[in-house]
Each structure stands twice: as structure tokens, then as C-alpha cells.
S.K.: 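Here you go, one structure.
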Amino acid sequence: MTEAQDEAGAFRALADPTRRQILEDLRDGELAAGEIAARFAISAPSVSRHLGVLKGAGLITERREGNRIIYALAEERLANCVGRFLSAVCPEQIVLRHTKWRPSPQSEGS
């Protein structure tokens, strides 16, 4: 599989709003499959299919913990795919990761 095909799979996975919400839900840490499914008004098998697409695209990872499957966001993979795309489309823009908004020194004393 070429890098372009690999990235196309990631963007196909990102095209669905349910899958994007799953990624957002995983932003704060790992979740069990049942915890993820409980957040949606769709069937557990449908959520499972969405998780399979995200895993197949390399955007999430899974591990077993007893009889539970725990999912986590593959942050580096997601950032690399989106970053490469943005670099190609908007080369004059700088994409900063892990940057949090900080109040300016003037607003701190207000």
C-alpha cells in the first residue's frame, strides 16, 4: 500500500461524523468498547463497525483487558496524516501541535 492510499483510508475514516465523535471521545484517554457504544444512539454492532474502520485506518489502537476491549487514540498517526495533507495544501501555514492557548501577560494582570 502506498503512502497516498494509506492516507486516503485515514481520510475516508474521518469522513463519518460518528467516527469523528469517537476520536473526540478518545481524546481524554482510553475507553472500553461498551463505554463508547453507550455514548451513541445506534446499535452496538454499528459502533463496532465504526471502531473497525478507525482501527483499520490506524487511527485507534485496541488492547484486551480481561473480556473487555480497550480503545485508544493513535495520536501520532492522526497528526501525521492530517499534518502531511495540510503541509501539501497550505505550505505557508505552520501547524503547531501540543500548543495550548496561554493568556497574554497583559491579560493576566487584569
Side-chain angles (χ1 to χ4, degrees):
M1 180 180 296
T2 69
E3 187 174 291
Q5 289 171 322
D6 189 38
E7 286 184 5
F11 279 97
R12 276 192 296 277
L14 291 170
D16 185 274
T18 299
R19 293 192 285 267
R20 289 193 307 271
Q21 184 61 53
I22 291 170
L23 294 175
E24 282 187 45
D25 291 348
L26 291 170
R27 175 182 52 203
D28 295 326
E30 297 179 327
L31 291 170
E35 293 172 313
I36 295 168
R39 296 169 181 233
F40 295 94
I42 59 176
S43 69
S46 290
V47 172
S48 182
R49 282 191 291 279
H50 285 296
L51 290 167
V53 170
L54 290 168
K55 184 180 171 206
L59 301 178
I60 62 173
T61 60
E62 73 175 27
R63 66 180 175 82
R64 291 227 174 241
E65 189 177 273
N67 64 348
R68 299 181 342 144
I69 300 174
I70 308 296
Y71 291 93
L73 185 62
E75 292 179 14
E76 193 70 26
R77 162 90 169 122
L78 179 58
N80 285 336
C81 284
V82 174
R84 276 191 296 272
F85 172 75
L86 290 175
S87 294
V89 174
C90 305
E92 70 282 355
Q93 299 295 317
I94 298 172
V95 178
L96 298 175
R97 290 186 58 225
H98 300 293
T99 301
K100 296 185 179 178
W101 178 85
R102 291 183 204 147
S104 65
Q106 295 86 16
S107 66
E108 287 179 351
S110 303

S.K.: Please step through side chain to side chain contact (heavy atoms under 4.5 Å, CB included) for the pair F85 and V82, ending with a clear verdict.
M.R.: CA-CA 5 Å; F85 172 75; V82 174; 5.7 Å; no
S.K.: Which heavy atom of R68 sits nearest to which heavy atom of A32, and what is that distance?
M.R.: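 Looks like NH1-CB, 3.7 Å.
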S.K.: Ignoring hydrogens, what is the shortest heavy-atom contact between C81 and E7? Give both atom names and the distance.
M.R.: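 Nearest heavy atoms, C81 then E7: SG-CG, 4.0 Å.
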S.K.: Distance from L26 atom CG to L54 atom CG, nearest 0.5 Å?
M.R.: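 The CG atom of L26 sits 8.5 Å away from the CG atom of L54.
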S.K.: Grouping I, L, V, M, F, W and Y whenever their side-chain heavy atoms are under 4.5 Å apart, do L14 and L51 come out in a common cluster?
M.R.: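 As far as the 4.5 Å side-chain criterion goes, L51 and L14 are connected within one cluster.
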S.K.: Honestly curious: do L86 and F11 fall in one hydrophobic cluster under the side-chain, below-4.5 Å linking rule?
M.R.: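 Yes, L86 and F11 fall within the same hydrophobic cluster.
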S.K.: Does V47 belong to the same Ile/Leu/Val/Met/Phe/Trp/Tyr cluster as Y71, with side-chain heavy atoms less than 4.5 Å apart forming each link?
M.R.: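 Cluster IDs for V47 and Y71 match.
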S.K.: Could you check if a side-chain atom of I36 sits within less than 4.5 angstrom of a side-chain atom of H50, using non-hydrogen atoms only?
M.R.: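 The answer is no; the side chains never approach within 4.5 Å.
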S.K.: What is the minimum heavy-atom distance between A10 and L59, and which atoms define it?
M.R.: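 So the two residues come closest at O-CD1, 3.8 Å.
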S.K.: Which heavy atom of L23 sits nearest a heavy atom of L73, and at what distance?
M.R.: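 Reported closest heavy-atom pair: CD2-CD1, 3.4 Å.
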S.K.: Looking at residues at least two apart in the chain, or sitting in another chain, which of them share a ring-ring contact (aromatic ring centres under 6.0 Å, His included) with F40?
M.R.: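 Residues passing ring-ring contact (aromatic ring centres under 6.0 Å, His included) with F40: none at all.
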S.K.: Closest heavy-atom contact between A74 and G58?
M.R.: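 Answer, listing the atom of A74 first, then G58: CB-O, 3.3 Å.
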S.K.: Could you tell me if the side chain of R64 sits less than 4.5 Å from the side chain of I70, heavy atoms only?
M.R.: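 No, side chains not in contact.
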S.K.: Can you pull out every salt bridge (Lys or Arg N to Asp or Glu O under 4.0 Å) where at least one residue sits in residues 26-55? Sequence neighbours excluded, please.
M.R.: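 Of all non-adjacent pairs touching residues 26-55, those that pass salt bridge (Lys or Arg N to Asp or Glu O under 4.0 Å) are D25-R39, E30-R63, K55-E62.
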